Amino acid sequence: MIANVIVDVPAKQTNRTFDYIIPDAMRGWLAIGSRVGVPFGPRVVQGFVVSMSERADVAASKLKPIAQVMDLVPPLTPELVELARWMSRTYLCHEITALQAMIPGALKAKYERYVTLGGAADEEAAAQGFGQLSFDNRADIAAFVRSKEHVPLEQLLERFAGDGALIQSMIKSGELLEVQTIKNRLSAKKVLVVYPPEDPSVLEACVSKLPAGAKRQKEVLEHLIRNPAPVRLTELALELNVGAGTVKGLADKGWIGLRETEVFRDPYAGREFKRTQPLPFTEEQAAVFEPIQAALTAVRHEVFLLHGVTGSGKTEVYLQAIRQCLDQGREAIVLVPEISLTPQMVERFKGRFGSEVAVLHSRLSNGERYDEWRKIALKQVRVVIGARSAIFAPFTSLGLIIIDEEHETSYKQEDSPKYHAREVAIERAIRHRAAVVLGSATPSLESYYRASERDDRSGAAGRQAGPGGSPFAGVNAGRAAAVAHPSAYRLLTMKERVQGRPLPPVHLVDMREELKQGNRSMFSRPLYKAIEERLEKKQQVVLFLNRRGYSTFVMCRECGHTLGCPHCDISLTYHQSSQTVRCHYCGYAEPQARTCPSCSSEHIRFFGTGTQKVEEELGKLFPGIRVIRMDVDTTTEKGSHEKLLTMFRNREADVLLGTQMVAKGLDFPDVTLVGVIAADTVLNLPDFRAGERTFQLLTQVAGRAGRHELPGEVFVQTYTPEHYSIVTASGHDYEAFLEEELRMREAGGYPPYYRLILITISHEQIPMLVRTAESLVGHIKELLLRETDGSDDAMVLGPVASPIPRIKDRYRFQCMIKYRGDSQLPSLIAKAAEAFDDVCRQHNVQIGIDVDPQLLM
DNA sequence: AGCACGCCGACT
DNA sequence: GTCGGCGTGCTC
């Protein structure tokens, strides 16, 4: 048997399997998904076994054996290995990148190289050294290494800087021995646990054997006779107020056992979760639950789009679907946007499913995340709730995947592998015949379009898993066809808020009018009045400001000069905390100037409204007002997010002022006013999804008001009150928004009608860049003409200068490809670009290809 | 990605 | 004549 291994070298040339001999000793426990160390060229690297075959496709003489197996249990399942392959094709990433994304960072390889003295050779060399009276550091190096036994290579090279060649020759001659290891970044946490003998009464005999002075040891033994369960050493020592040494003494006598035992770092240790019972469903909840339950019972893959207004009780539907799934002996994944993965959210799931739940999110320490992940891998839990990457939970019989707030952009990973969790979820669900529930008050256009398509398609049932046999059989079997002609989602709708509370009225405030009336402040008069009123009535206010608005640029009022980054064509952003201006693209920073660098005027000011500025302004307008500001600056500390919300809940403030993070899922009974300071900040972004994002944001924010007895009210300040995104959001009218937005998308050739691929080409000099870009795009155009016979199934736009024409001193051009139908196009484009590899390497041109991962349909 | 091999300029 | 620059190519 030969193992086919993907090695930990993310490069085009190594993006394939390499074959290795499986040593006999590993036969039993090496499996698909095993993490291994393999010799690769002159070094040892980490890799994953992705398949096994009878024969290698290279000469047997080239084969080397696997050096080590890293884990007792493979960290990946065959299904995940297959999924990684799908990801690499779909999102154009290296297979190893996809595989690495599936395991916790703690398991990422750490390569260490160190040197030791090389056996017999060193006497001879030392003698030689003396004989020649050499002037080099040979003897010093040997002595240094001898004194330390083993020295990391890096440290040695640093200590004897300039002797790199000498050290190398010493390694070659055998004077020094170079050793390489692969280590985990982190391993399971171990603690010492005291194990009393099985029959604790034997300890009684021991007590009498103790010398009279050993009072402490006697106490310990007596305690263990009374409490014979294994106990942590630290706990025991603390409880009896004795030193650890006392207990260790007993272990040395052999009377009690003391062993290192693996434990989980539990981020929720010591927290009690009150058990909750299923709540009775409303009529609507029951209606949407029924088809989900049916799919689960039938073990049938189906995707549901649960469109429910804010406060309609989607979570209870999730909880009961999960219960159903668990009762069938299957497992469930719940994805929640990072930002709404709050303790309250976790509590709801832990309250219902107790210790069956693992939680994965970015606020965990590496160790905690690793342990939660191990609970999944070791089958100690059956429910995972987590952010984006929790979609890779190594379950083996998934029954249900829930994606809450499915429209959220945080489900899309921005760096490689650029996947979308929603798409990965569906891909996994197909393989497991699992149900997927996409929940949102404002579904993404992609999802809603697919759900409504169903009507025109004679109600085809959900997509079934691949043809016959195991759902994991064959990597490619039936896959391409399934992706090219995906089935529709099933739309489930909930229009009523639980207990029939009305959605709050939304007032649009035209800021142009305000300006005309001479109001130059950031608060319109209606919003000002509304805040004043709430303060009087001792009710609470949520104020929302988009984060983008915080990106303040610096401009001179005298000459109009704007501070820009010297390396990128982008304005610098002012950071108050450090009194600097910074570039968000290359990290360039300089101290904030007091005078304009262009005209030396002192009238240099920041523009754009930030949360800090709003806070200041509130203080001026409403003396004594208590404001809690929640943004990146105030929530970096661990747990601060929760702390601020608790303060607000406890009525320690009148106003909660924040960015996106106040828009999500918060539920405070005394909030009766929500104000949106500037609704158009997102709208004006050069992004075809700007309208959609504005609608979603406004709808989410508006949903924060009047969720309890007190009726709520929303004020939205805008310079474009006639824009359909804002008008439809204020009327809580998703369908109307959808209709308009779809019309725009169709006219513009955007998703969901077309998929997009963005090619970015960069170079230090414009002429070379233009030449390469035009030649590449010409090549692609030709190729597509051949592929599509000139139909309008594919369009190539550009090349044109990128929205940010220069980053890190490199000029950038882009080319957008819009296409529909053929899902193999990304690979085709990647191949076309490969023809330019040589030219690019020679002239240092960079080509990047991004597949918009929201669009796979 | 590393790392070695290999072919041309500034030094002992 | 050699040391060393980094271009090119390979890793089972």
Side-chain angles (χ1 to χ4, degrees), chain A residues 1-24 26-27 30 32 34-70 81 85 88 92-101 108-115 134-138 152-154 156-157 160-173 176-183 185 415-417 763-764 768 834-848:
Chain A
M1 266 305 218
I2 297 295
N4 309 119
V5 175
I6 297 282
V7 294
D8 182 19
V9 181
K12 210 172 267 167
Q13 293 176 6
T14 50
N15 190 30
R16 60 183 176 91
T17 58
F18 288 83
D19 297 342
Y20 288 89
I21 296 164
I22 305 171
D24 284 338
M26 294 179 194
R27 288 261 145 97
L30 194 86
I32 289 174
S34 284
R35 200 164 55 109
V36 292
V38 290
F40 196 65
R43 65 217 164 105
V44 176
V45 298
Q46 187 182 273
F48 290 91
V49 177
V50 295
S51 55
M52 305 213 219
S53 47
E54 287 301 328
R55 295 186 51 225
D57 44 16
V58 288
S61 59
K62 283 183 96 176
L63 291 183
K64 295 180 189 173
I66 290 175
Q68 58 172 323
V69 183
M70 310 288 294
V81 167
R85 201 170 149 62
S88 73
L92 301 179
C93 68
H94 301 123
E95 212 168 325
I96 189 65
T97 313
L99 289 163
Q100 297 282 25
K108 226 185 149 224
K110 200 174 116 194
Y111 298 100
E112 195 179 74
R113 310 174 66 193
Y114 57 91
V115 293
S134 67
F135 292 99
D136 61 30
N137 284 326
R138 188 174 294 254
L153 190 61
E154 236 173 77
L156 191 69
L157 287 171
F160 295 94
D163 285 327
L166 175 62
I167 292 169
Q168 208 163 30
S169 82
M170 288 173 76
I171 291 170
K172 236 181 201 160
S173 73
L176 295 177
L177 203 66
E178 188 189 349
V179 189
Q180 281 184 61
T181 55
I182 307 176
K183 278 175 140 179
R185 304 239 153 187
D415 36 51
S416 188
H763 191 262
E764 289 175 340
M768 184 66 217
E834 257 171 56
F836 285 74
D837 274 2
D838 286 346
V839 187
C840 288
R841 198 145 13 102
Q842 261 166 44
H843 297 101
N844 192 20
V845 177
Q846 277 174 20
I847 298 179

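A, B, ... follow the sequence lines: proteins, then strands. Residue 1 opens every chain. Nothing here was measured: the structure is a model prediction, and the numbers come from that model.
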Rounded distance (Å) that lies between atom P of dT8(C) and atom CG of D838(A) | 9 Å

Listed partners of R16(A) passing side chain to side chain contact (heavy atoms under 4.5 Å, CB included), at least two apart | F18(A)

List the atom pairs, with distances to 0.1 Å, where a side-chain N or O of residues 52-66 of chain A and a protein N or O form a donor-acceptor pair under 3.5 Å, not counting sequence neighbours.
residue : atom : partner : partner atom : Å
S53(A)  : OG   : N4(A)   : OD1          : 3.3
S53(A)  : OG   : N4(A)   : ND2          : 3.4
S53(A)  : OG   : R55(A)  : O            : 3.4

P10(A): what forms a side chain to side chain contact (heavy atoms under 4.5 Å, CB included) with it, not counting sequence neighbours?
-> H94(A), I96(A), T97(A)

Near DNA chain C, which residues from residues 48-55 of chain A have a heavy atom under 4.0 Å away?
-> none

Taken in chain and number order and not counting sequence neighbours, the residues that satisfy side-chain hydrogen bond (donor to acceptor under 3.5 Å, both in side chains) with D837(A) are K12(A)

Please give, in whole Å, the distance from dA1(B) C1' to Q46(A) CD?
-> 14 Å

Could you state the atom-to-atom distance from CD of Q842(A) to P of dG9(C) in whole Å?
-> 11 Å

Could you tell me whether A56(A) contacts a base, only the sugar-phosphate backbone, or nothing, with contacts defined as non-hydrogen atoms closer than 4.0 Å?
-> nothing

To the nearest angstrom, the CD1-C1' distance between I6(A) and dA1(B) comes to 15 Å

Could you list all N or O pairs between the protein and nucleotides 10-12 of chain C that sit under 3.5 Å apart?
residue : atom : partner : partner atom : Å
dC10(C) : N4   : Q13(A)  : OE1          : 3.3
dT11(C) : OP1  : K62(A)  : NZ           : 3.4
dT11(C) : O3'  : G41(A)  : N            : 2.9
dT11(C) : O4   : Q13(A)  : OE1          : 3.3
dC12(C) : OP1  : Y20(A)  : OH           : 3.3
dC12(C) : OP1  : P39(A)  : O            : 3.1
dC12(C) : OP2  : K64(A)  : NZ           : 2.2
dC12(C) : O3'  : D19(A)  : O            : 2.7
dC12(C) : O3'  : K64(A)  : N            : 2.7
dC12(C) : O2   : D19(A)  : N            : 2.7
dC12(C) : N4   : R16(A)  : NH1          : 3.3
dC12(C) : N4   : R16(A)  : NH2          : 3.1

Check whether any side-chain N or O of N844(A) sits under 3.5 Å from a backbone N or O of H763(A) as a donor-acceptor pair, and report yes or no.
-> no

Does D24(A) have any side-chain hydrogen bond (donor to acceptor under 3.5 Å, both in side chains) partners at least two apart in sequence or in another chain, and if so, which?
-> R27(A)

Residues that E764(A) engages under side chain to side chain contact (heavy atoms under 4.5 Å, CB included), provided they are two or more places apart = R810(A)

ring-ring contact (aromatic ring centres under 6.0 Å, His included) partners of Y111(A), counting only residues at least two apart | none

